[in-house]
Each structure stands twice: as structure tokens, then as C-alpha cells.
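For reference, the structure discussed in these notes is given below.
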Amino acid sequence: MKTFDDLKRDVVDQGLCMGCGTCVGVCASGSIAIDYSLDEPEPQLVKDCTECGHCYEVCPGKNAPLRDLDKRFLGRERDPEKEPLGIYRACYKGWATDPYVRTSTSSGGMTSALLNYALNEGLIDGVLLAGWNPDPPYWRCRPFIATTPEEVSMGLRTGMMMVPNNSLIAEAVTRRKLSKIAVVGCPCHIQGIRKLQAHGQPKKFAEAIEFTIGLFCAATYYGEGTKHLIQEFANVQNLDDIIAMDYRGGRWPGSLYVVTKDRKIHWAGSKHDYTWHFLGSASYKRDRCLMCIDFSSELADVSCGDIFQEVGHVNRRLVATLPRTSVGEELLAGARAKGYIELEPHDPTLIPASGMGWEAKKHAGMYRLIQRKRYGWPTPEYQYPLKVTALPRTLTFPSA
Ligand SMILES: Cc1cc2nc3c(=O)[nH]c(=O)nc-3n(C[C@H](O)[C@H](O)[C@H](O)COP(=O)(O)OP(=O)(O)OC[C@H]3O[C@@H](n4cnc5c(N)ncnc54)[C@H](O)[C@@H]3O)c2cc1C
């Protein structure tokens with residue numbers, strides 16, 4: 001059996017750990033914990049390893065076998081050249097019908113509305129989410145467990161940091177005794193959950209997962225990038241002065257701002273624009289994210305992302321929504337029937353040109369992997385052949 005030492009040697013010390021937290025989440029003995037004292041969240045051994053091997057088996061850092069996982073969870077292999085978004089059953093633009101949920105969330109509240117529906121209907125007892133640090137420093141993100149719609153609304157909108165949501169699986173199932181949970185996360189979180197379900201152990205944890213909502217993801221960013229934006233663009237030097245923060249404040253798609261103890265709001269970049277993203281954070285993409293080739297959370301039950309093109313709606317709060325499994329389809333149908341969400345057909349060929357994320361993963365990331373392999377540097381294995389395929393498309397950005 002592999003031990004945490006093997007995981008540390010083969011994944012963490014090779015720079016292949018994403019910080020998704022799955023290793024912590026499956027450790028029934030509580031031997032692994034996330035070390036938040038470091039600049040970036042990282043798993044560490046906090047007591048004796050029981051050598052069960054689960055942490056190694058479920059880790060997507062070194063090995064995310066997309067082909068096997070496609071076959072197992074989505075019913076077939078994809079054609080990597082013809083299916084740039086992975087396998088999905090439908091493509092919608094959707095939104096939360098509750099105006100508060102629609103406007104207080106990242107893109108249009110699809111994710112939160114689906115969770116609210118699932119919690120209210122008893123489909124799940126809880127969900128693993130990302131939120132703000134409950135203790136100082138308040139500008140850092142942490143995972144948390146929500147069991148009510150009120151708690152879902154306490155999650156952050158889009159946290160441009162790595163948040164180890166999966167690290168709370170054991171906490172949710174064992175300590176909080178939640179037997180039906182959902183997980184929200186970036187592609188790496190979803191890969192970790194699928195690996196757990198495929199591994200099937202610890203059984204109680206694997207069987208507790210009812211569904212996953214995967215976010216489109218260009219990358220997560222080093223906390224250092226956020227620090228840079230706060231100090232150099234929002235002009236707040238003392239990070240201890242911060243009492244609240246938002247990466248997507250103001251009008252969609254939103255900007256980063258912090259609130260200081262004197263109740264003043266400090267914007268990084270001009271209000272209502274997205275410049276902070278390009279100004280600062282793009283330079284701070286986490287190295288492991290640069291090696292990821294999954295943009296649209298290709299293994300999730302439902303994938304959600306922004307829509308940056310003009311699509312004939314005055315209200316820009318719309319969510320590109322891709323159900324990929326029967327579980328995802330039923331979730332959408334149920335939430336729609338109960339009035340939580342609205343859906344309209346969306347042209348999937350628009351998605352690769354929506355923002356820069358698809359490009360970052362499917363072309364730049366793919367090419368980077370090819371290069372790294374050439375030099376024998378550590379890389380994750382994805383099973384599908386690595387190939388950069390031209391995809392003619394038009395880049396557009398909506399007027400505010
Ligand atoms: C790091 C990151 C990068 C992204 N990049 C892109 C992109 O390039 N292109 C694109 O179209 N969309 C991207 N998205 C997705 C987009 O920001 C929205 O999350 C998505 O459109 C869903 O919107 P919503 O209104 O349905 O979500 P909401 O209802 O606001 O719910 C969002 C959920 O995401 C969870 N969450 C927030 N941050 C994190 C995090 N860091 N890790 C795990 N969970 C988190 C929250 O807990 C919340 O439950 C990204 C999201 C993240 C977190």
C-alpha cells in the first residue's frame with residue numbers, strides 16, 4: 001500500500017499537488033491536514049499514517065485518467081479533437097430566478113440556485129464550498145460545509161485562490177454525519193471526487209457524494225497575486241486592516257475590492273471592469289494550473305461558467321450550463337420545475353471563445369505539457385493524447 005510519504009514524494013515534492021484537498025478528505029484517521037501557514041495550501045502529515053493508500057489512489061495531481069473516468073462516469077470516450085468541452089448532454093445559458101441569488105453570485109447564480117434546491121428538497125444534507133477565512137487574515141479563502149441556503153449564500157462568489165473544498169469530505173461525513181453531500185469545485189476538485197468514486201473507498205465517503213457542480217476554470221492564482229493587487233492597485237498596504245473582500249464586486253463580471261476596518265471600500269482597478277484579472281493575477285497563475293488541460297470541469301455532473309459574448313440579453317447575469325450525466329440532467333430539470341432556475345439553449349461553440357480560459361487550458365496548457373515532457377520535467381498524466389488543435393473562433397467581450 002502507498003503511504004502519505006509516497007504521495008509527498010511523487011506529487012507534493014514534484015510540484016504536482018493542486019491543493020484540492022482530496023487526500024485530506026479521504027483520510028479517515030485524520031492523519032493528513034492542509035497546512036494553511038504556508039503561502040499556498042498544502043497537505044501535510046499531522047499524525048501517524050495508517051498506510052491505507054487511499055490518499056494516493058484518489059489524488060488527481062499526478063494522474064487524472066480522463067479516458068477511464070469518461071468511460072466510467074460519462075458512458076464513453078470522447079473524441080478530444082472534436083469535443084473541446086468534453087462530453088455533455090445539453091448546453092444552456094441559465095440563471096437563478098430569485099433576483100437576489102442571481103445578482104449576489106458570480107455569474108447568474110446557477111450554482112447557488114441548484115444547491116438551494118437540492119438542500120430544500122432533501123436531495124443533499126450538505127455541500128462543500130469555498131468561503132472567506134472566518135479568522136484573520138480575512139483576505140484568504142477557506143473551504144466550508146453549508147447545510148442550508150443561508151449558508152450557501154455565505155460562500156464567496158469566485159475565489160481566485162486554491163480552496164481545498166475536498167478536504168472536508170471526512171469532516172462532513174464522519175463528524176457532521178451528513179450522508180448525502182454535493183461538492184462544488186474547479187476541474188481538479190471534480191477529478192479528485194471522480195477518482196474517489198472510482199476507487200470506491202473509503203466506501204462511506206465515496207457513497208456520500210450525490211452530485212458535483214464543476215466550475216469553468218482558467219486557473220487559480222497564488223495568494224501572492226491577490227496580495228499584489230491589494231497593495232499595489234487597491235493601495236491598502238497593511239493586509240491586517242482588511243475585514244472583507246470580493247473578487248467580483250460591482251457590476252458583472254466584477255472587480256476586486258477590499259473593505260478596511262475604517263469601513264472604506266478600496267477597488268483594485270476601476271470599478272466595474274475586469275482589468276485586475278489581466279493586470280495582476282494572470283501573472284500569478286499557480287504552476288500546477290498551467291499544466292491542467294481541463295477548462296470546463298469535464299467530469300462534473302453539471303458544469304457552470306461565465307458567458308462573455310453578447311447573447312441578446314440585457315441582463316448579463318447568465319451562466320453557461322452543461323449537464324453531463326443523468327444526475328446533472330435530473331438536477332436541472334427538478335430545479336427548473338420548482339422555479340429555482342431558468343434555462344435557454346446556448347450555442348456550445350461560443351464557449352471556447354468566451355474569455356481566455358479555454359485557450360489557457362486546451363492550447364497553452366496542452367503545449368506546456370508537451371514541452372515539459374520533452375525535458376523530462378514532472379507532469380500529470382491525462383491518458384488522452386496531447387495535441388494542440390486549431391479551433392477557429394472569434395474572441396469578443398461584452399459591453400458593460
Ligand atoms: C478559480 C476560478 C476560475 C474560473 N475561471 C473561469 C473562466 O476562466 N471562465 C469562465 O467562464 N468561468 C470561470 N470560473 C467560473 C465562474 O467564476 C463562476 O464560478 C461560474 O460561472 C458559476 O457561476 P454561478 O453564478 O453559477 O456561481 P455562484 O452561484 O456564485 O457559486 C459559485 C460557487 O463556486 C464556489 N467557489 C468559488 N471559488 C472557488 C474556488 N476557488 N474553489 C472552489 N470553489 C469555489 C463557491 O463556493 C460557490 O459555491 C472560474 C471560477 C473559479 C473559482
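This chain uses plain numbering: 1 for the first residue, then up along the sequence. Read the numbers this way: they start at 1 and go in the same order the structure lists the ligands and their atoms.
Side-chain atoms of R393 come within 3.5 Å of backbone N or O of P352 as a donor-acceptor pair. Not a single donor-acceptor pair under 3.5 Å links the side chain of E171 to the backbone N or O of R176.
With a 6.0 Å radius and a threshold of 12 heavy atoms from other residues, nucleotides or ligands, K338 has its NZ atom at or below the threshold.
Not one N or O of L215 is nearer than 3.5 Å to an N or O of ligand 1, by distance alone. At a 3.5 angstrom cut-off on N or O pairs, S354 does not count as close to ligand 1. Of the polar atoms of N165, at least one N or O is found under 3.5 Å from an N or O of ligand 1, judged by distance alone. For ligand 1, one of its N or O atoms has an N or O atom of A218 under 3.5 Å away. Taking any N or O of F295, backbone or side chain, none lies under 3.5 Å from an N or O belonging to ligand 1. Considering both main-chain and side-chain atoms, L129 never comes within under 3.5 Å of ligand 1 through any nitrogen or oxygen pair. In terms of N/O distances under 3.5 Å, ligand 1 is approached by T111. For L115, no nitrogen or oxygen atom sits less than 3.5 Å from a nitrogen or oxygen atom of ligand 1, counting backbone and side chain alike. Of the polar atoms of M162, none of the N or O atoms is found under 3.5 Å from an N or O of ligand 1, judged by distance alone. In terms of polar-atom proximity, defined here as any N/O pair under 3.5 Å, M161 does make such a contact with ligand 1.
At a 4.0 Å heavy-atom cut-off, ligand 1 does not touch R317 at all. By the criterion of a heavy-atom distance under 4.0 Å, the backbone of A219, and not its side chain, is placed next to ligand 1. Within the 4.0 Å heavy-atom criterion, both parts of L156, backbone and side chain, lie near ligand 1.
Remark: R140 fails to qualify as a cation-pi partner of Y36 under the 6.0 Å distance and 45° angle criteria applied to the six-membered ring.
Within ligand 1, the atoms closer than 4.0 Å to a non-hydrogen atom of T158 are 16 (C), 17 (O), 18 (C), 19 (O), 37 (C), 38 (N), 51 (C), 52 (C), 53 (C), numbered from 1 in the order shown. Listed by number with element, the atoms of ligand 1 under 4.0 angstrom from any heavy atom of S112 are 28 (P), 29 (O), 31 (O). Near R248, the atoms of ligand 1 lying under 4.0 angstrom from a non-hydrogen atom of the residue are 16 (C), 17 (O). Each of the atoms 42 (N), 43 (C) of ligand 1 lies under 4.0 Å from some heavy atom of H189. Taking every non-hydrogen atom of T105 and a distance limit under 4.0 Å, the qualifying atoms of ligand 1 come out as 25 (O), 28 (P), 29 (O), 30 (O). The contact set between ligand 1 and G305, taken as ligand atoms under 4.0 Å from a residue heavy atom, comprises 11 (O), 12 (N), 20 (C), 21 (O). Near T220, with a cut-off below 4.0 Å to any heavy atom, the atoms of ligand 1 are 1 (C).
Residues V24 and N166 have side chains not in contact (no heavy-atom distance under 4.5 Å, counting atoms from C-beta outward). Taking 4.5 Å as the limit, some side-chain heavy atom of L343 sits within range of a side-chain heavy atom of M110.
Residue contacts with ligand 1 include S107, since one or more of its heavy atoms lies under 4.0 Å from the ligand. Look at G109 and you'll find a heavy atom under 4.0 Å from some atom of ligand 1.
Salt-bridge formation is detected for the pair E381/K373: a Lys NZ or Arg NE/NH1/NH2 atom is positioned less than 4.0 Å from an Asp or Glu carboxylate oxygen. Using a 4.0 Å cut-off between a side-chain N of Lys or Arg and a carboxylate O of Asp or Glu, R78 and D70 qualify as a salt bridge. Here E298 does not pair with K361 in a salt bridge; the nearest charged N to carboxylate O distance is not below 4.0 Å.
Remark: of the listed residues T260, N235, D241, T260 is the sole one forming a side chain to side chain donor-acceptor pair (under 3.5 Å) with H266. Of the listed residues (Q371, M291, R372, Q14), just one forms a side-chain contact (heavy atoms from CB on, under 4.5 Å) with W377, and that residue is R372.
Ring pair H363/W358 is perpendicular by interplanar angle, where above 60° counts as perpendicular and below 30° as parallel.
Taking each heavy atom of Y222 and K285 in turn, the nearest pair found is CE1-O, 3.5 Å. For the pair F308 and R316, the tightest heavy-atom approach, listed with the atom from each and the gap, is C-NH2, 3.8 Å.
Closest to atom 12 (N) of ligand 1 by heavy atom, among Y221, F216, W358, is F216. Nearest residue to atom 35 (C) of ligand 1 from V319, V184, V163, V127 is V184 (criterion: closest heavy atom).
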